[in-house]
Amino acid sequence: MAPTNANTLNGSKGFSPAKKTLPEVDTEATNGNGTNGYSYETLQETANFLLSRTSIRPCIGVICGSGMGSLAENIDDPVCIPYEEIPNFPISTVEGHHGRLVFGWLNGIPVVAMQGRFHYYEGYPLWKCCLPVRVMKLIGVKTLIATNAAGGLNPNYKIGDIMIVKDHINMMGFAGNNPLHGPNDERFGPRFPPMNKAYNHKYRSIAKELAKELNIENMVREGVYTCLGGPNFETVAELNMLKMVGVDAVGMSTVHEVIIARHCDMKVFALSLITNECVTSYDKDDEANHEEVLDVGRMRQDILRKYVSKLVAKFAEIENYP
Ligand SMILES: O=P(O)(O)O[C@@H]1C[C@H](O)[C@@H](CO)O1
């Protein structure tokens, strides 16, 4: 597929000639066989490739959100595998997403971290955004920790707060866009998976307790996340609508990853770093921007690294991992 030519945008506000070649993204909605998602066998090939590249057998997988790639820097004896080298893997195209898997030991627990996730707005269909989660399952991961950067809608939230995700609203799913759309392979999970206990209750309790121990209780919240397709940030009217239906934080990821993880019976914990305040009034001049998102990630990196690595050890303890 030919890369998009930014020069065709001539005349639009903020136009500047393309300085670099845009990444080539495989935007195919299907896998070429007319069905959504790669087959179990194809993903098993990807899993076998990864298992052949390292002797580490992770039981916990971590997805690093925008600007949160440093979560993987605490990993000891890292084995880094760039996405370009992994058969059937998409590539990362977003600034702040490195684009590699990091296998190693976090607080003594074998883990794999995604330094860079895939988003719908990059051009990938939802099933492809979540492909790494199924691959994690096939290499033996039992618990998924998904992190993201999000705008704070709850008026009590401040920039830099950490929100433990209690539940989500699958806005894209309301319009029929679901990563499980298409034929179902029972080897991954059931046709109609429940989603009412998606975010593990025990993990959430542990995370709240740990926040007290670390003295960061005042910045740790619990709330409802939603994902929109992006890449534009939301309008005032959209944000007010989301607020009305009970959303505390809004982002562009995670929901579909969690659906895929729960479908294949992984346990899930998720947290949102509140990187900006959502603008819900026409009187405010503020505008969300990706640089601010990345800056807040950097500002909170030490706390997040400590929090996530301790969570990994605590989750592993109650689950008897490895
Ligand atoms: O990958 P996440 O969900 O952390 O990234 C958020 C949503 C957009 O990709 C980006 C906007 O700044 O940050």
Side-chain angles (χ1 to χ4, degrees), residues 23 25 61-72 83 89-102 113-126 128-133 136 144-153 157 159-165 168-172 177 179 199 223-235 238-239 242 247-261 268-279 286-301 303-305 307-308:
V25 169
V62 180
I63 303 179
C64 304
S66 281
M68 296 154 88
S70 73
L71 287 176
Y83 294 160
F89 244 61
I91 49 159
S92 277
T93 69
V94 187
E95 201 193 329
H97 289 262
H98 205 302
R100 62 185 189 180
L101 287 183
V102 183
M114 282 180 75
Q115 258 184 337
R117 63 148 58 85
F118 308 110
H119 305 85
Y120 187 69
Y121 63 76
E122 291 175 78
Y124 297 119
L126 287 183
K128 201 172 260 191
C129 295
C130 311
L131 176 156
V133 176
M136 282 187 191
L144 178 71
I145 299 180
T147 67
N148 61 62
L153 249 189
Y157 289 5
I159 291 176
D161 280 355
I162 296 164
M163 185 187 86
I164 297 166
V165 181
H168 70 226
I169 296 180
N170 181 10
M171 292 300 287
M172 296 171 79
N177 193 1
Y199 298 85
V224 175
Y225 172 88
T226 198
C227 159
L228 301 186
N232 60 281
F233 292 104
E234 303 71 32
T235 67
E238 285 163 352
L239 289 168
L242 294 174
V247 172
D248 295 297
V250 56
M252 305 178 196
S253 67
T254 307
V255 168
H256 33 279
E257 296 159 352
V258 170
I259 290 171
I260 287 293
V268 170
F269 176 78
L271 60 81
S272 300
L273 175 64
I274 304 301
T275 53
N276 54 290
E277 205 179 295
C278 289
V279 181
D286 308 357
E287 286 179 332
N289 67 82
H290 190 55
E291 288 67 39
E292 183 187 6
V293 168
L294 300 181
D295 283 347
V296 176
R298 274 187 284 272
M299 173 183 106
R300 276 286 181 259
Q301 64 181 349
I303 288 175
L304 279 172
R305 280 162 70 160
Y307 194 44
V308 171

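One-based numbering, in listed order, for ligands and for the atoms of each.
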*Could you tell me whether the side chain of Tyr225 and the main chain of Leu271 form a donor-acceptor pair under 3.5 Å?*
no
*If the plane angle is over 60° it's perpendicular, under 30° parallel, otherwise tilted; pick one for Phe118 and Tyr124.*
perpendicular
Identify each donor-acceptor pair in which a side-chain atom of residues 228-235 lies under 3.5 Å from a protein atom, sequence neighbours left out, and give them as a table.
from, atom 1, to, atom 2, distance (Å)
Thr235, OG1, Glu238, N, 3.0
Thr235, OG1, Glu238, OE1, 3.4

_Donor-acceptor check, side chain of Thr147 to backbone of Gly65, threshold 3.5 angstrom: yes or no?_
yes
*Do the side chain of Asp248 and the main chain of Val224 share a donor and acceptor less than 3.5 angstrom apart?*
yes
*Would you check ligand 1 and list the protein residues that come within less than 4.0 Å of it by any heavy atom, ordered by chain and number?*
Gly65, Ser66, His97, Arg117, His119, Tyr121, Asn148, Ala149, Phe233, Met252, Ser253, His290, Val293
*Keeping the roles fixed (side chain from Glu257, backbone from Cys130), state whether a donor-acceptor pair exists under 3.5 Å.*
no
